Amino acid sequence: MRAQDLLLVTLREPPAEAEIPSHQWLVRGGFIRRVASGIYAYMPLMWRVLRKVEAIIREEMDATGALELRLPALQPAELWRRSGRWDTYTAGEGIMFSLTDRQGRELGLGPTHEEVVTSLAADLIRSYRQLPVSLYQLQTKFRDEIRPRFGLMRGREFIMKDAYSFHADEEDLRRYYGCMDQAYRRIFARCGLKVLAVQADSGAIGGGASQEFMAVADAGEDLVLSSGDGRYAANQERAQSLPPPSAPLKVTADQCFATPGQTTIEAVCAAHHLDPTQTVKVLLHRACFADGPDQPVLTALRGDQEVNPVKLTNTLGRLLAERGTVLALERLDADILQDHGVRLPVGFLGPDLSDDVIQGVPDLVGGFLRIVDSTAADLAGFVCGANVPDRHRRVPGWPALGLSLTRADVRSAQPGDRCCHDPKTVLTATRGIEVGHIFQLGRKYSSALAACFNSESGDAEPMWMGCYGIGVSRLAQAVVEQNHDDNGMIWPVSIAPFEVVITVANGEEQEQCGLAEKLYGELRAAGVDVLLDDRMERAGVKFKDADLLGIPWRVVVGRNAARGHVELKTRSEKDVLDMDASQLLPHLIPRLQRQRRGGLPEAGV
RNA sequence: CGGGGCGUAGCGCAGCUUGGUAGCGCGCUUGCUUUGGGAGCAAGAUGUCGCAGGUUCAAAUCCUGUCGCCCCGACCA
């Protein structure tokens, strides 16, 4: 490709819309252009990168025996009603774009494809002899994100590789899940991406075990907690740890005491010589369901701990399984309660807060579901609010409160906490970009959509399913986020838009042009992805652009062209190698061949 | 949706407080010079000042509404 023909438009200044480096560089380099919020055009350079990423994914997926296909983006509501996800995905907090056609039929633009693929599997798979089957596609997905952000990182339209596997039993599902784990590690390594595999929450997709692949980056939206010994890593949403030990507190009698204006744990502790681990704090939430009024929830935690909303939501989903999926978990807003005549002694709440206080609040039904985190439940004696303004209470132990409580782990693990597997190591925090997520779905979708097969014994059984996603466009941007400097992007050879750029220092010098053309032809003949910068620009402009675009190898045909010499330089190193033009290919080709393998260990070298 | 901010030339911005000829830098076009790290000089083109109402002799500027976008919080590849 010649730069003349590339419609190369680079920007000298970072665009105002871009916040993080990878977004700025991609826009400045002319790789992407914003069309609307969260909607981007992939320009020719970006498209070349994406196609290379997709090729790597195809190779590795095919190697696991998966079959590529293409499912429709436009999907009937009926299918989603059968899995029970239509309402949760379109109503209120829903993430699916939906529409009605001219006959009044409801349709959705696919944010994911479990329903479609499962119903196909139900149609096609009759016998255990056909299993296992793994299907995948590379496709544009649509999600009505509340807040699109960071260019391709969180778009409303993005490219995703999604795969779905079907198995006769759980053991085979586990086996294939392990295969996918390995395939994913190879894919990311080949793309030059540093990732952490971490235990994850399954979220709206549901199911059993799941693992996320996190590209390490400060701009990442997720917090990963990992142990120094490499034996444990988890998304904070899911992470478990040993809480710091509590300071013992001897409470001989149940008694109230005055805490005027002391509405925070810190204030109470400071005024009464207490440690936060000797206190219990209370949080009030409402859990929203599709089928009616909200469930009030009271959560008690040890004073030094923070609630983990994901864990709490999951706990509520289990306890209230008959009400379906928890659509949302919201803090009970004291101001709103006050509008309905409910006066809460905020700052002085205790676990035994009476159900009476919320009677008459619209959209709330019944009394509190009371959850106590293990950190609080383990306290023998503690201090908590007395449910009366300006008063707290010493409690000799939970039996003294006479409550019906559900014990659960709903606290957030924190960096610095001791690890469960080895109390001598502590958790440290890393930020990460979720580039892949693999799930063992189990039989949730196959049961709902009657995707059954006849087993060896002749019984009809729902298939065991797994699903496996990679954010393709997000991955490409994550690579830039991990690989850039003050001058621009630094692509790994394996997914670079071009492997080599030939920069003609002075386009008016016949000798330079002639030699550059000759090398361009030779490199192309050798199967190298090469860009010839033949633009009528000054050398400085071409050097700046070559750096900005991040092409890994640069050949400069300049002042030494007269004696048949060229310069070879990599994007990431400063050193320049001056060599006879005839040496260029013998020197470059073997190195390129190695680098095309990405970060994989070299075989047979 | 809640909170904060911004819409002025292709890009980045000033002008708005105090209403009166729409500006700067980069980019673009032409010419000359220059030619190894975003060149210099000269000449030039480019705007329904987001949109709609209102106030006014007069609105980019003041008022009302509306749309779009960005940032901080709850969702996800």
Side-chain angles (χ1 to χ4, degrees), chain A residues 9-20 23-24 27-28 30 33-39 57 88-89 92-96 111-112 138-163 184 200-205 212-215 221-222 235 237 285 288 309-310 313 327-331 333 335 432-439 467-478 487-488 503-509 512 536-548 554 556-561 567 569 576:
Chain A
V9 180
T10 56
L11 303 178
R12 191 176 290 227
E13 293 172 277
E17 74 191 48
E19 193 77 2
I20 61 173
H23 187 193
Q24 293 181 347
V27 176
R28 280 190 61 183
R33 280 286 170 135
R34 196 181 64 82
V35 172
S37 178
I39 302 175
I57 292 174
T88 57
Y89 268 61
E93 303 278 309
I95 201 148
M96 180 154 63
T112 175
L138 286 149
Q139 195 202 32
T140 298
K141 292 282 192 277
F142 301 88
R143 289 188 188 171
D144 188 2
E145 290 288 344
I146 308 162
R147 182 143 95 89
R149 232 188 302 207
F150 302 147
L152 307 182
M153 288 297 188
R154 179 176 297 283
R156 296 195 293 169
E157 179 181 321
F158 60 96
I159 302 173
M160 178 168 160
K161 187 284 300 179
D162 48 328
Y184 271 42
D201 180 70
S202 297
I205 299 206
E212 286 169 332
F213 295 86
M214 294 289 192
E221 297 184 82
D222 289 279
N235 193 312
E237 294 175 349
H285 291 90
C288 312
V310 173
T313 302
L327 292 185
L329 179 72
E330 293 168 7
R331 289 290 287 267
D333 192 313
D335 294 341
I433 299 162
E434 185 187 354
V435 289
H437 200 156
I438 59 178
F439 302 80
C467 81
Y468 318 90
I470 291 179
V472 175
S473 38
R474 175 185 281 185
L475 184 161
Q477 186 174 335
N487 295 314
T503 304
V504 184
N506 186 338
E508 288 178 358
E509 294 281 344
Q512 294 185 18
M536 281 301 157
E537 292 286 352
R538 297 161 57 84
V541 173
K542 297 197 216 183
F543 291 147
K544 285 286 185 192
D545 274 344
D547 285 351
L548 171 58
R554 186 176 78 196
V556 181
V557 182
R559 55 169 87 94
N560 295 331
E567 290 158 29
K569 180 187 177 301
V576 179

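Per chain, numbering begins at 1; letters A, B, ... match sequence-line order. Quick caveat, the model's predicted, so the values are computed rather than measured.
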Take atom [atom1] of [X] and atom [atom2] of [N], then tell me their distance rounded to the nearest Å.
X        : N      : atom1 : atom2 : value
A:Asp222 : B:rC76 : CG    : C1'   : 8 Å
A:Asp162 : B:rA77 : CG    : C1'   : 10 Å
A:Glu145 : B:rA77 : CD    : P     : 9 Å
A:Arg331 : B:rA74 : CZ    : P     : 12 Å
A:Ile57  : B:rA77 : CD1   : C1'   : 11 Å
A:Leu138 : B:rA77 : CG    : P     : 16 Å
A:Phe213 : B:rC76 : CZ    : P     : 19 Å
A:Arg156 : B:rC69 : CZ    : P     : 7 Å

Between A:Gln477 and A:Ile20, is there a side-chain heavy-atom distance shorter than 4.5 Å?
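They are in side-chain contact.
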Is any side-chain heavy atom of A:Arg474 closer than 4.5 Å to one of A:Glu434?
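The answer is yes, as the side chains (C-beta and beyond) meet within the 4.5 Å cut-off.
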Non-neighbouring partners of [X] that pass salt bridge (Lys or Arg N to Asp or Glu O under 4.0 Å), sequence neighbours left out:
X        : result
A:Arg28  : none
A:Glu509 : none
A:Asp222 : none
A:Arg34  : A:Glu17

Paired with [N] by Watson-Crick or G-U wobble geometry, both distances under 3.5 Å: which nucleotide is it?
N      : result
B:rC51 : B:rG65
B:rU34 : none
B:rA22 : none
B:rG73 : B:rC1
B:rG44 : B:rC28

Distance, [atom1] atom - from [M] to [N], rounded to whole angstrom:
N      : M      : atom1 : answer
B:rC70 : B:rG38 : P     : 33 Å
B:rU8  : B:rC75 : C1'   : 36 Å
B:rA58 : B:rU18 : C1'   : 16 Å
B:rC11 : B:rC69 : P     : 15 Å
B:rC71 : B:rG15 : C1'   : 24 Å
B:rU56 : B:rC63 : P     : 16 Å
B:rA39 : B:rG20 : P     : 38 Å
B:rU61 : B:rG19 : P     : 12 Å

Using a cut-off of 4.0 Å on non-hydrogen atoms, how would the nucleic acid contact of A:Gly155 be classed: base, sugar-phosphate, or nothing?
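Touches a base.
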Generate the contact string for nucleotides 34-40 of chain B. Rules: B means base contact, S means sugar-phosphate contact only, - means no protein heavy atom under 4.0 Å.
BBBBBB-
Expected rows: protein N/O vs nucleotides 70-72 of chain B N/O, under 3.5 Å:
| from | atom 1 | to | atom 2 | distance (Å) |
| --- | --- | --- | --- | --- |
| B:rC70 | OP2 | A:Ser37 | OG | 3.0 |
| B:rC72 | OP2 | A:Arg147 | NH1 | 2.8 |
| B:rC72 | OP2 | A:Arg147 | NH2 | 2.5 |

A:His23: partners by ring-ring contact (aromatic ring centres under 6.0 Å, His included), with sequence neighbours left out
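For A:His23, the residues satisfying ring-ring contact (aromatic ring centres under 6.0 Å, His included) (neighbours in sequence not counted) are A:Tyr40.
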Output all residues satisfying ring-ring contact (aromatic ring centres under 6.0 Å, His included) with A:Phe158, sequence neighbours left out; order by chain, then residue number.
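Once residues adjacent in sequence are excluded, A:Phe158 has no partner under the ring-ring contact (aromatic ring centres under 6.0 Å, His included) criterion.
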By side chain to side chain contact (heavy atoms under 4.5 Å, CB included) - contacts of A:Val576 (at least two apart):
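Counting only residues at least two positions away or on another chain, A:Val576 forms a side chain to side chain contact (heavy atoms under 4.5 Å, CB included) with A:Glu567, A:Lys569.
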Nearest 0.5 Å, what's the CD-NZ distance between A:Glu157 and A:Lys141?
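The NZ atom of A:Lys141 is 11.5 Å from CD of A:Glu157, to the nearest 0.5 Å.
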Working to the nearest 0.5 angstrom, can you tell me the gap between A:Glu212 CD and A:Asp201 CG?
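These two atoms lie 8.0 Å from each other.
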When the nearest nucleotide of RNA chain B is assigned to A:Pro14 and to A:Arg154 on a heavy-atom basis, which residue is associated with the more 5' position?
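Checking each residue's closest nucleotide, the 5'-ward one belongs to A:Pro14.
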